[in-house]
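These notes concern the structure reproduced below.
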Amino acid sequence: MARSRSLKDVPTLVFGAGRDCTLPAVLALATGTEYEWIMGVSGAAFTSTIDADTWDPLAAAPLDETTLARGALAAGARPDIVGPPFDDDMRALILDRVAEAIDAKLPPLVRGIAGPAEYGLIVGYDDDGPTFLARPYFDKTDRPTKIDWSAFADAEHGLVAFLDRGPAPDRNALARDAVRGALALPCILQQLG
């Protein structure tokens with residue numbers, strides 16, 4: 001019997017909607033945590049910049065695993081990162097894990113699944129094919145994008161980060177650590193000068 005399910009309440013992900021730093025935005029949507037909180041604790045609020053030479057807004061989005069781990073911690077989760085290519089056994093495990101995540105209403109993050117190498121969300125699946133429904137950043141439609149295994153090409157196009165729930169975060173301790181981390185950044189030290 002084929003399984004299928006999708007999360008209907010995940011909005012379109014677009015630049016200019018107030019959640020423009022892509023990794024913290026999808027972490028906030030996936031976990032129901034405040035975007036601003038994840039921006040601060042992950043460090044993205046203190047390190048995001050615009051590429052001064054090209055004015056490339058994509059350069060402003062930190063996509064590294066450290067930012068992902070700190071942002072997930074802020075939401076009371078731990079990332080379990082799996083990168084392509086996937087053999088047949090791994091595909092079966094990924095599909096089962098996607099189904100579990102969707103059933104738990106904790107959609108997995110996916111990088112560059114249908115467009116730029118920014119993070120988006122897998123918001124549904126269908127065993128038939130199989131196919132997945134994704135909300136890539138810079139969505140162009142109100143409907144999720146249908147993808148298959150061919151979309152999982154490499155670390156920039158198909159890297160999946162499942163979120164495992166952990167203990168509730170100690171917000172006071174995380175806030176103190178985030179401020180200490182921000183104060184240690186060279187750009188902040190120059191401004192305090």
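Please read these numbers as outputs of a predicted model, since none were measured by experiment.
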Flag side-chain contact, heavy atom, 4.5 Å: Leu27 against Thr33: no

Restricting to non-hydrogen atoms, name the atom on Leu121 and the atom on Ala30 that form the minimum distance, rounded to 0.1 Å. CD2-CB, 3.9 Å

Do Phe152 and His157 have side-chain heavy atoms sitting under 4.5 Å apart? no

Can you tell me how far apart CG (Leu68) and CZ (Arg78) are? Round to the nearest 0.5 Å. 13.0 Å

Within this structure, what is the CD1-OH distance for the pair Ile94 and Tyr125, rounded to the nearest 0.5 Å? 14.5 Å

Rounded at 0.5 Å granularity, tell me how far CD1 in Ile147 sits from CG in Leu133. 8.5 Å

Mind checking what makes side chain to side chain donor-acceptor pair (under 3.5 Å) contact with Thr66, not counting sequence neighbours? none

Search all heavy atoms of Leu13 against all heavy atoms of Gly120 and return the closest pair with its distance. CD1-CA, 4.2 Å

Enter the distance from Cys21:SG to Glu118:CD here, rounded to the nearest 0.5 Å. 8.5 Å

Shortest non-hydrogen contact between Arg3 and Asp96, atoms and distance: NH2-OD1, 3.0 Å

Which pairs of donor and acceptor atoms, one on a side chain in residues 80-87, lie under 3.5 Å apart (sequence neighbours left out)?
residue	atom	partner	partner atom	Å
Asp80	OD2	Arg97	NH1	2.6
Asp87	OD1	Asp89	N	3.2
Asp87	OD1	Met90	N	2.7

May I have the step-by-step check of side-chain contact (heavy atoms from CB on, under 4.5 Å) for Val110 and Tyr119, ending in yes or no? CA-CA 5 Å; Val110 62; Tyr119 277 97; over 6 Å; no

Name the one of Val160, Leu29, Ile122, Leu163 that satisfies side-chain contact (heavy atoms from CB on, under 4.5 Å) with Leu109? Leu163

To the closest 0.5 Å, what do you measure between CD1 (Ile38) and CZ (Arg70)? 13.0 Å

Going by the rule side chain to side chain donor-acceptor pair (under 3.5 Å), which residues pair with Ser6 if we only count those two or more places apart in sequence or in a different chain? Lys8

What's the verdict on side-chain contact (heavy atoms from CB on, under 4.5 Å) for Phe132 and Leu95, showing C-alpha distance, side-chain angles and the deciding distance? CA-CA 9 Å; Phe132 300 92; Leu95 180 59; 3.8 Å; yes

Quick one: pull up CG in Asp64 and CG in Leu23 and give me the separation to the nearest 0.5 Å. 8.0 Å

Looking at Ala74, is its backbone amide N or carbonyl O close enough to the side chain of Trp37 to form a donor-acceptor pair, meaning the two atoms are under 3.5 Å apart? yes

Indicate every side-chain donor-acceptor pair of residues 172-185 with a distance under 3.5 Å to a residue at least two apart or in another chain.
residue	atom	partner	partner atom	Å
Asp177	OD1	Arg180	NH1	2.9

According to the side chain to side chain donor-acceptor pair (under 3.5 Å) rule, which pairs have a member within residues 99-115, sequence neighbours left out? Arg5-Asp103

Shortest non-hydrogen contact from Asp148 to Pro130? CB-O, 3.9 Å

Give the minimum heavy-atom separation between Leu73 and Pro169, together with the two atoms involved. O-CB, 3.6 Å

Using salt bridge (Lys or Arg N to Asp or Glu O under 4.0 Å) as the criterion, list what pairs up with Glu34, not counting sequence neighbours. Arg171

Shortest non-hydrogen contact between Thr12 and Arg135, atoms and distance: OG1-NH1, 3.4 Å

I'd like to check Val98 versus Phe162 (side-chain heavy atoms, cut-off strictly below 4.5 Å). Are they in contact? yes

